[in-house]
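Here, residue 1 is the first one in the sequence, and each next residue gets the next number. When a ligand or atom number is given, it counts from 1 through the structure's own listing order. Atoms considered below: every heavy atom in the structure, side chains included; atoms not considered: hydrogens, waters and symmetry mates.
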Amino acid sequence: MHFRMNLCKEDQTRSLVHYERGSKQLSFVFQTMTSARLAHAKVSCKREKTSHTSLLASYFLRMHHVLTADQFSRADLDRIMQRSAEMEAILKQGGTKMCDGKILGALFYEPSTRTRLSFETAMLRLGGSVISESDVTFSSQSKGEVIEDTIRIVGGYSDVIAIRTKVKGEAKVAAHYSPVPVLNGGDGSGEHPTQSLLDLYTIVKHHNIGNEPLNIAFVGDLKYGRTVHSLAKILRNYEGVSLQFVAPEAIQMPSEYVNSRDSIHTTLTDEILQTADVIYDTRMQKERFEDIEQFNQVKNAFIFTPEMVHKMKPDATLMHPLPRVNEIMQAVDSLPQARYFEQALNGVPIRMALIAEALEV
Ligand code: CP
């Protein structure tokens, strides 16, 4: 791991970090340092007898934000999968006290059942506590407060923040202003990286990913469905994974998530059903369509029936991030390929592992 950092001389509130990990190179410009973060860094600097610059750089790298699937190397993924398996064992024993005295701030500005409640469950099972804002009507955001201000304050109340925003990219903005780690629970039509980790965990449990060829088909609203954006990125870390994107043209996978080896389809054929090892279905994201007519044209494009699922391999996995509307019939739920409820439950050990990493416990 290597990084460079320059601080603006006239006021040490702006910084540039150049960060390299393996083949990945990222440059961050922190336009504003929060006073809390700067003060903490200065105190640590004094304690650790190191330069302000290198201390600040290491401080940033120690902030275990989870913002995008891009940030994970294969080694990170292996470590998180291992830690989540350990958390699953701890869960079976009723939990732990390793986060005793720590507080999770849950800021959810879009509806959520699984992500918010599994984050909260994860923190409670780790022995910590939760403060939660789950209805924007009762939040000062409804009075016009900007995320930069909210995050500074809630970051002062809590030790780690899980956030869901309506706006693509806003979790990264929050992280820039937060004095504590930020875990992105979905940013508009952007990404949902913690979901993609629980998706990966589900795949790892049932398939030999990385060691044998794995044919994964994404089906549904691939344009607005943020879970598929993050999962497609995560899967690039594994040898032998081939991706197929199945969606009407208007809601196909955005080009930034597609590479030349992927295959693109507009219809869900028997061949796709019969050859896929994993099918990842998604809901049509009605709330994100600008044109309701366009939504009406695609809303029933794919509806999984028992007859369709019977065509899948017996050991294949049918996944869905949930909630579903009509895209998988309830009669499918009892079939062996249907693993979407197990998938959702995997959110607890994954989020326990992420919180533990963020808090360095
Ligand atoms: N999968 C998922 O993000 O579900 P919720 O919207 O219920 O959090």
**Request:** Run the numbers for me: atoms of ligand 1, each under 4.0 Å from some heavy atom of T115, listed by number.
**Result:** 2 (C), 3 (O), 4 (O), 5 (P), 8 (O)
**Message:** Parallel, tilted or perpendicular, judged at 30° and 60°: which one describes the rings of F218 and Y280?
**Reply:** tilted
**Request:** Answer yes or no for H192: is there a heavy-atom contact with ligand 1 below 4.0 Å?
**Result:** yes
**Complete:** Among R226, R114, R164, H320, the residue with a heavy atom nearest to atom 6 (O) of ligand 1 is R164
**Request:** Pull out every atom of ligand 1 sitting under 4.0 Å from any heavy atom of Q195, numbered as shown with elements.
**Result:** 1 (N), 2 (C), 3 (O)
**Fill in**
In ligand 1, the atoms that come under 4.0 Å of a heavy atom of T113 are 5 (P), 7 (O), 8 (O)
**Asked** Does a side-chain N-to-carboxylate-O contact under 4.0 Å join R324 and D333?
**Response** yes
**Asked** E327 and H320: side chain to side chain donor-acceptor pair (under 3.5 Å), yes or no, with the steps?
**Response** CA-CA 10 Å; E327 59 275 9; H320 191 300; 2.7 Å; yes
**I161 reachable from V167 in the ILVMFWY side-chain graph, under 4.5 Å edges** = no
**Request:** Would you mind running through ligand 1 and noting each atom that sits below 4.0 Å from a heavy atom of L322?
**Result:** 1 (N), 2 (C), 4 (O)
**Message:** If I apply the N/O under 3.5 Å rule, does P321 come out as touching ligand 1?
**Reply:** yes
**Message:** Are E342 and H206 packed together at the side-chain level, in the sense that at least one heavy-atom pair is separated by less than 4.5 angstrom?
**Reply:** yes
**Item:** Pi-cation contact, F108 with R164 (under 6.0 Å, within 45°)
**Value:** no
